[in-house]
Novice: 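Starting off with a structure, shown below.
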Amino acid sequence: MPFNCFPNGSVGKFCLLTKYFVDAGAMAVCRVFKKDLKHIAKAAGAIICSSLGNLEGEESFEASMLGQAEDVDQERISDDELTLIKNTKARTSASIILRGANDFMCDEMKRSLHDALCVVKRALESKSVVPGDGAVEAALLIYLENYATSMGSREQLAIAEFASLLVIPNTLAVNAAQDATDLGKLRAFHNEAHVNPECKNLKWIGLDLINGKPRDNKQAGVFEPTVVKVKSLKFATEAAITMLRIDYLIKFHSESKDDRGGCEDAVHSGALEN
């Protein structure tokens with residue numbers, strides 16, 4: 001079934017053209033959003049045609065610009081009439097319909113769903129994941145502290161200061177209204193995993209923000225995309241380096257009301273001549 005869209009057609013022209021489409025056994029849809037047109041064209045393998053005019057000044061159309069789908073139906077969902085395009089040829093696509101009590105709830109559901117899809121996208125792009133809930137930061141803390149002790153110069157102080165990554169698990173615990181003093185257990189687990197090869201499974205230990213206790217995030221299925229952790233550490237390091245490069249500060253002290261005088265005061269004081 002051909003699917004034709006007229007996003008900018010007027011109502012009068014659309015009603016006139018509807019007769020020809022109905023006689024030909026086709027469906028016409030008026031005033032479709034441009035982003036929806038792009039999604040439909042990408043899924044069905046079609047090419048958006050904004051005009052039928054060619055270089056010779058005539059009207060022409062190529063059949064290769066049409067997309068294909070097995071079924072195009074119009075169904076009523078809630079109070080809206082929706083046009084559903086099923087089993088497109090070029091790509092497999094899906095639409096998620098959100099229903100809520102009001103627009104604010106639907107907007108919040110949309111943002112949450114968008115965040116979840118972005119996490120999946122980042123995980124597929126990086127092709128690797130790491131345990132979440134502060135497990136990576138705790139492991140880096142132990143590794144950098146041990147590495148700092150191997151340095152014999154003043155770089156040891158910089159590395160030890162950079163190793164203070166336990167602030168991220170601390171922030172997670174505070175935001176979840178949990179006791180942040182249990183972070184010592186998390187540090188002990190990762191230290192044991194670092195020094196004892198037999199306890200390497202402890203490297204998956206992170207924070208359980210619901211029960212307030214450490215847990216094995218690998219068994220719990222709590223992971224984060226690797227690219228997110230790498231970029232966050234990189235951007236934080238670049239920001240710190242930029243701040244440290246500023247070795248002076250310019251301050252502007254505004255004049256107080258007592259220091260402001262008129263021309264007569266300046267003449268009497270000798271700052272200005274008559």
Side-chain angles (χ1 to χ4, degrees), residues 1-129 223-228 230-232 234-235:
M1 178 185 295
F3 187 79
N4 303 277
C5 301
F6 295 90
N8 297 321
S10 62
V11 177
K13 294 181 179 179
F14 177 71
C15 294
L16 179 61
L17 294 174
T18 302
K19 177 180 180 300
Y20 299 102
F21 282 104
V22 172
D23 294 340
M27 179 188 295
V29 180
C30 178
R31 295 178 180 175
V32 182
F33 289 108
K34 189 174 182 179
K35 62 179 182 179
D36 293 337
L37 282 177
K38 291 182 179 180
H39 292 163
I40 296 172
K42 187 176 182 180
I47 299 175
I48 298 178
C49 179
S50 58
S51 176
L52 298 178
N54 53 25
L55 298 177
E56 287 77 14
E58 300 177 355
E59 293 185 350
S60 62
F61 181 79
E62 297 181 2
S64 59
M65 301 177 66
L66 292 175
Q68 294 184 6
E70 292 185 4
D71 190 15
V72 179
D73 293 331
Q74 190 173 10
E75 297 183 7
R76 185 177 184 84
I77 299 178
S78 185
D79 295 333
D80 299 326
E81 292 284 347
L82 302 181
T83 302
L84 305 182
I85 305 174
K86 303 177 182 179
N87 299 328
T88 54
K89 179 181 180 181
R91 297 174 182 268
T92 302
S93 60
S95 298
I96 302 176
I97 301 175
L98 302 178
R99 300 178 62 181
N102 48 51
D103 294 339
F104 299 103
M105 182 178 294
C106 291
D107 292 340
E108 188 64 27
M109 293 167 58
K110 181 180 179 181
R111 283 190 292 266
S112 301
L113 183 61
H114 179 267
D115 294 341
L117 293 176
C118 287
V119 171
V120 176
K121 178 183 177 182
R122 293 290 180 260
L124 294 176
E125 289 177 351
S126 60
K127 298 181 180 179
S128 60
V129 293
F223 296 99
E224 296 182 19
T226 306
V227 65
V228 175
V230 173
K231 287 186 177 181
S232 62
K234 184 184 296 184
F235 293 158

Novice: With a 6.0 Å cut-off (strictly less than), is the heavy-atom count around CZ of Arg99, excluding the residue itself, greater than 12?
Specialist: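 No, because the 6.0 Å sphere around CZ of Arg99 holds 12 heavy atoms or fewer from other groups.
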Novice: How long is the gap from OG on Ser50 to CG on Leu37, to the nearest 0.5 Å?
Specialist: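 These two atoms lie 11.0 Å from each other.
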Novice: Which residues pass the side-chain hydrogen bond (donor to acceptor under 3.5 Å, both in side chains) test with Glu59, not counting sequence neighbours?
Specialist: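 For Glu59, no residue satisfies side-chain hydrogen bond (donor to acceptor under 3.5 Å, both in side chains) once neighbours in sequence are set aside.
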Novice: Scan for salt bridge (charged side-chain N to carboxylate O under 4.0 Å, His left out) pairs involving residues 107-119, sequence neighbours excluded, and state none if there are none.
Specialist: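 Sorted result for residues 107-119: Glu108-Arg111.
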Novice: If you round to the nearest 0.5 Å, how far is SG of Cys118 from CD of Glu125?
Specialist: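 Taking CD in Glu125 and SG in Cys118, the distance rounds to 9.5 Å.
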Novice: Looking at Thr226 and Ser128, would you say the former's side chain and the latter's main chain have a donor-acceptor pair under 3.5 Å?
Specialist: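 It does hold such a pair.
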Novice: Can you measure from CD (Glu81) to CD (Gln74) and round to the nearest 0.5 angstrom?
Specialist: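 It comes to 5.0 Å.
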Novice: Measuring from Arg122:CZ to Glu224:CD, what's the distance to the nearest 0.5 Å?
Specialist: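 Arg122 CZ to Glu224 CD: 14.0 Å, rounded to 0.5 Å.
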Novice: Kindly compute the distance separating CD1 (Ile40) from OG (Ser93), expressed to the nearest 0.5 Å.
Specialist: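 If I round to the nearest 0.5 Å, the distance is 9.5 Å.
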Novice: Quick one: does Asp73's side chain have a donor or acceptor within less than 3.5 Å of a partner on Glu75's backbone?
Specialist: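 No, the answer is negative, given that no donor and acceptor are paired below the 3.5 Å cut-off.
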Novice: Does any part of the side chain of Val32, heavy atoms only, come nearer than 4.5 Å to the side chain of Thr83, both counted from C-beta?
Specialist: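 They are not in side-chain contact.
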Novice: Nearest 0.5 Å please: distance from the NE2 atom of His114 over to the NZ atom of Lys121.
Specialist: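 It is 8.0 Å, given to the nearest 0.5 Å.
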Novice: For Pro225 and Ser126, work out which heavy atoms get closest and say how close.
Specialist: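 Looks like CB-OG, 4.2 Å.
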Novice: Tell me the closest heavy-atom pair linking Lys42 and Ala90, and the distance in Å.
Specialist: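 Shortest heavy-atom contact: O-CB, 3.8 Å.
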